[in-house]
Amino acid sequence: MEHIVEFANSGDFEHLAAMWRMAFADTDEYIKTFFDTMYKDGYAIVSREEGIAVACAYLLPCQTVINGRLYSTYYLYAATTHPSHRNKGHMSAIMHKAEEVAVERGIDYIVLVPAEEYLFNYYAKFGYQTAFYKKVVHFTREELKGKAVEPDLTNAYSLDLLNIRQSCLGFGDYINWGTEGIKYAMYAHNASSGSIAFTSDGYAMYNMGKNVAYIKEMCTLADPGELYTMLLLEEEADRFTFNLPVNSNIHSPDERITKVGMLLALNENAQIGATEMRNAYIGLTLG
């Protein structure tokens with residue numbers, strides 16, 4: 001089947017919102033917030049049947065940091081196809097178009113986070129390589145109490161999350177979001193009933209499950225024990241699961257390393273940079 005693949009226009013919004021709603025079960029308010037804050041013309045790619053957008057993916061600008069060097073990057077986000085039009089090659093056409101657009105614009109990488117394990121193999125067919133990992137550590141409540149220390153809250157209510165994050169992750173390889181990306185990530189976190197514990201020098205973004213606190217990202221310039229104290233004060237969880245950069249010095253007996261994201265290098269310099277990546281970190285994603 002021949003696909004018409006091009007940039008979305010204002011007439012597509014109703015179809016884009018409907019596809020998003022079906023694929024991700026987000027609220028209309030959430031979808032509207034994305035389009036109001038993150039959408040830009042020339043950054044949403046659609047595939048059409050009979051003039052109607054039936055598949056879509058969004059290119060969100062960010063940076064990949066490797067050994068302190070900044071590489072221009074697109075984060076491929078919210079890729080989906082209408083259920084009635086799947087298995088017709090629409091997403092394949094979008095993937096090829098995304099690469100073409102990024103190369104034309106001189107972008108170094110496209111990065112994505114597969115929503116399911118099987119999708120790592122799917123994206124590998126387009127040249128994407130697994131490059132982003134996380135360390136998952138677990139503590140019981142009693143174990144965390146043993147590591148907790150008195151927190152400094154002097155400037156906690158004026159926390160600069162963006163600078164804290166860049167300072168904490170700056171010694172490793174990671175995805176760096178700009179101000180708008182961080183704001184949207186915080187909105188998405190809150191919309192998923194997420195919470196944040198913070199001190200003067202750090203933060204821990206988390207969600208609550210049944211008796212378990214899942215810490216999505218934790219960055220601190222001080223003793224992590226300060227954030228442990230805040231987590232213990234805020235939640236009555238029996239267990240705490242932390243998702244951390246692989247090079248974090250926080251350990252637990254049953255920790256494990258898991259793959260998170262993939263990367264496509266689009267030019268020679270980017271390919272060289274990719275060979276130098278070591279356990280790169282995404283952590284804070286936009287959904």
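We number each residue from 1, following the sequence as shown.
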J.: Would the distance check show the side chain of Asp238 and the main-chain N or O of Arg141 forming a donor-acceptor pair, the cut-off being under 3.5 Å?
T.: no

J.: Within the structure provided, determine whether Leu16 and Tyr58 are in side-chain contact (heavy-atom separation under 4.5 Å).
T.: yes

J.: Under the ring pair (Phe, Tyr, Trp, His ring centres under 6.0 Å) criterion, do Phe7 and Tyr43 qualify, and how do the steps go?
T.: CA-CA 7 Å; Phe7 294 121; Tyr43 288 83; 7.8 Å; no

J.: Check whether Thr73 reaches the backbone of Thr64 with its side chain - one donor and one acceptor, N or O, closer than 3.5 Å.
T.: yes

J.: When you measure from the side chain of Glu100 to the backbone of Lys97, do you find a donor-acceptor pair of N or O atoms at a distance under 3.5 Å?
T.: no

J.: Would you confirm whether His189, through its side chain, and Ser195, through its main-chain N or O, come within 3.5 Å as a donor-acceptor pair?
T.: yes

J.: Just so I know, are the side chains of Leu284 and Ile282 near enough to count as touching, which here means a heavy-atom distance under 4.5 Å?
T.: no

J.: CG of Asn87: more than 12 outside heavy atoms within 6.0 angstrom?
T.: no

J.: Can you name the residues that form a salt bridge (Lys or Arg N to Asp or Glu O under 4.0 Å) with Lys134, not counting sequence neighbours?
T.: none

J.: Val111 and side chain to side chain contact (heavy atoms under 4.5 Å, CB included): which single residue from Leu76, Ile175, Leu60 fits?
T.: Ile175

J.: Do you know the tightest heavy-atom contact between Met19 and Ala55?
T.: SD-N, 3.6 Å

J.: Check whether Phe126 and Val101 end up in the same hydrophobic cluster, where Ile, Leu, Val, Met, Phe, Trp and Tyr are linked by side-chain heavy atoms less than 4.5 Å apart.
T.: yes

J.: Run His138 and Thr241 through side chain to side chain donor-acceptor pair (under 3.5 Å) and show every step you take.
T.: CA-CA 5 Å; His138 308 276; Thr241 296; 3.0 Å; yes

J.: Is Met230 linked to Ile164 within one hydrophobic cluster, defined over Ile, Leu, Val, Met, Phe, Trp and Tyr using a side-chain heavy-atom separation of less than 4.5 Å?
T.: no

J.: Does the Thr81 side chain pair with the main chain of Arg86, one donor and one acceptor, at a distance under 3.5 Å?
T.: no

J.: At what distance, to the nearest 0.5 angstrom, does CD1 of Ile66 lie from CE of Met277?
T.: 4.5 Å

J.: Does Tyr128 reach the main-chain N or O of Ile110 with its side chain, forming a donor-acceptor pair under 3.5 Å?
T.: no

J.: If you round to the nearest 0.5 Å, how far is OG of Ser47 from CD of Glu6?
T.: 9.5 Å

J.: Indicate yes or no for a side-chain donor-acceptor contact from Asn190 to the backbone of Met186 under 3.5 Å, with no hydrogens or angles considered.
T.: yes

J.: Can you get from Tyr122 to Val5 by hopping between Ile, Leu, Val, Met, Phe, Trp and Tyr side chains that sit under 4.5 Å apart?
T.: yes

J.: On the six-membered ring of Phe120, is Lys259 placed so that its NZ or CZ lies under 6.0 angstrom from the centre and within 45° of the ring axis?
T.: yes

J.: How far apart are the closest heavy atoms of Ile196 and Leu161, and which atoms are they?
T.: CD1-CD1, 4.1 Å

J.: If only atom types and distance count, is the side chain of Trp177 paired as donor or acceptor with the main-chain N or O of Pro61 below 3.5 Å?
T.: no

J.: Hey, is CZ on Phe24 packed in by over 12 heavy atoms from elsewhere, all under 6.0 Å?
T.: yes

J.: With a 3.5 Å distance limit and no angle check, can you tell me whether Asn207 reaches the backbone of Ser192 through a side-chain donor-acceptor pair?
T.: yes

J.: Looking at Pro114 and Leu119, what are the two nearest heavy atoms and their distance?
T.: CB-CB, 3.8 Å

J.: Is the number of heavy atoms from other residues, nucleotides or ligands within 6.0 Å of CD (Gln129) greater than 12?
T.: no

J.: Among Tyr187, Tyr77, Tyr39, Phe13, whose ring-ring contact (aromatic ring centres under 6.0 Å, His included) with Phe34 holds?
T.: Tyr77

J.: Just so I know, are the side chains of His82 and Met22 near enough to count as touching, which here means a heavy-atom distance under 4.5 Å?
T.: yes

J.: What heavy-atom pair brings Leu112 and Met95 nearest, and what distance separates the two atoms?
T.: CD2-CE, 4.1 Å

J.: If you measure from CD on Gln271 to OH on Tyr109, what distance do you get to the nearest 0.5 Å?
T.: 8.5 Å

J.: Out of curiosity, does Leu169 fall in the hydrophobic cluster containing Leu244 (side-chain heavy atoms, cut-off under 4.5 Å, transitive links)?
T.: no

J.: Taking the side chain as everything from C-beta on, heavy atoms only, tell me whether Leu221 gets closer than 4.5 Å to Ser167.
T.: yes

J.: What distance separates Thr33 OG1 from Met38 CE, expressed to the nearest 0.5 Å?
T.: 12.0 Å

J.: Give the C-alpha distance, both sets of side-chain angles, the deciding distance and a yes or no for side chain to side chain contact (heavy atoms under 4.5 Å, CB included) between Leu231 and Tyr206.
T.: CA-CA 9 Å; Leu231 288 167; Tyr206 66 94; 3.6 Å; yes

J.: Given the ring of Tyr174, does Arg278 sit roughly above its face, with NZ or CZ under 6.0 Å from the centre of the six-membered ring and within 45° of the axis?
T.: no

J.: Please assess Phe198 against Thr220 for the test side chain to side chain contact (heavy atoms under 4.5 Å, CB included), listing each intermediate value before the final yes or no.
T.: CA-CA 9 Å; Phe198 51 88; Thr220 180; over 6 Å; no

J.: Might you point out which heavy atoms bring Met208 and Ala237 nearest each other, and give the distance in Å?
T.: CE-CB, 3.9 Å

J.: With sequence neighbours excluded, tell me which residues meet salt bridge (Lys or Arg N to Asp or Glu O under 4.0 Å) with Asp36.
T.: Lys32

J.: Side chains of Leu266 and Leu264: does their closest heavy-atom pair fall under 4.5 Å?
T.: yes

J.: I need the Leu233 CG to Glu236 CD distance, nearest 0.5 Å.
T.: 9.5 Å

J.: Salt bridge or not for Arg165 and Glu217, using N-O below 4.0 Å?
T.: yes

J.: I would like to know whether Val113 and Met262 meet side chain to side chain contact (heavy atoms under 4.5 Å, CB included); could you show each step before the answer?
T.: CA-CA 6 Å; Val113 175; Met262 306 182 78; over 6 Å; no

J.: Testing the basics here: between Gly42 and Arg105, what is the closest heavy-atom pair and its distance to 0.1 Å?
T.: O-NH2, 2.8 Å

J.: Quick one: do the Thr199 and Asp152 side chains pair a donor with an acceptor below 3.5 Å?
T.: no

J.: Counting distance only, does the side-chain N/O of Tyr214 pair as donor-acceptor with the main-chain N or O of Phe240 below 3.5 Å?
T.: no

J.: Working to the nearest 0.5 angstrom, can you tell me the gap between Glu226 CD and Tyr228 OH?
T.: 11.5 Å

J.: So, do Leu232 and Lys145 sit near enough that their side-chain heavy atoms are less than 4.5 Å apart?
T.: yes

J.: Should Phe132 and Val246 count as side-chain neighbours, where that means a heavy-atom distance under 4.5 Å?
T.: no

J.: Just do the side chain to side chain contact (heavy atoms under 4.5 Å, CB included) check on Glu255 and Val136 with the steps written out, would you?
T.: CA-CA 5 Å; Glu255 68 184 46; Val136 182; over 6 Å; no

J.: Are side-chain heavy atoms of Ile215 and Phe242 found at a separation under 4.5 Å?
T.: yes

J.: Establish whether Ile250 and Val212 are linked, either directly or via other cluster members, by ILVMFWY side-chain heavy-atom contacts under 4.5 Å.
T.: no

J.: Give me the one residue out of His90, Glu49, Arg48 that meets side-chain hydrogen bond (donor to acceptor under 3.5 Å, both in side chains) with His85.
T.: Glu49

J.: For a quick check under 3.5 Å, do Asp108 and Asn267 share a side-chain donor-acceptor pair by atom type?
T.: yes

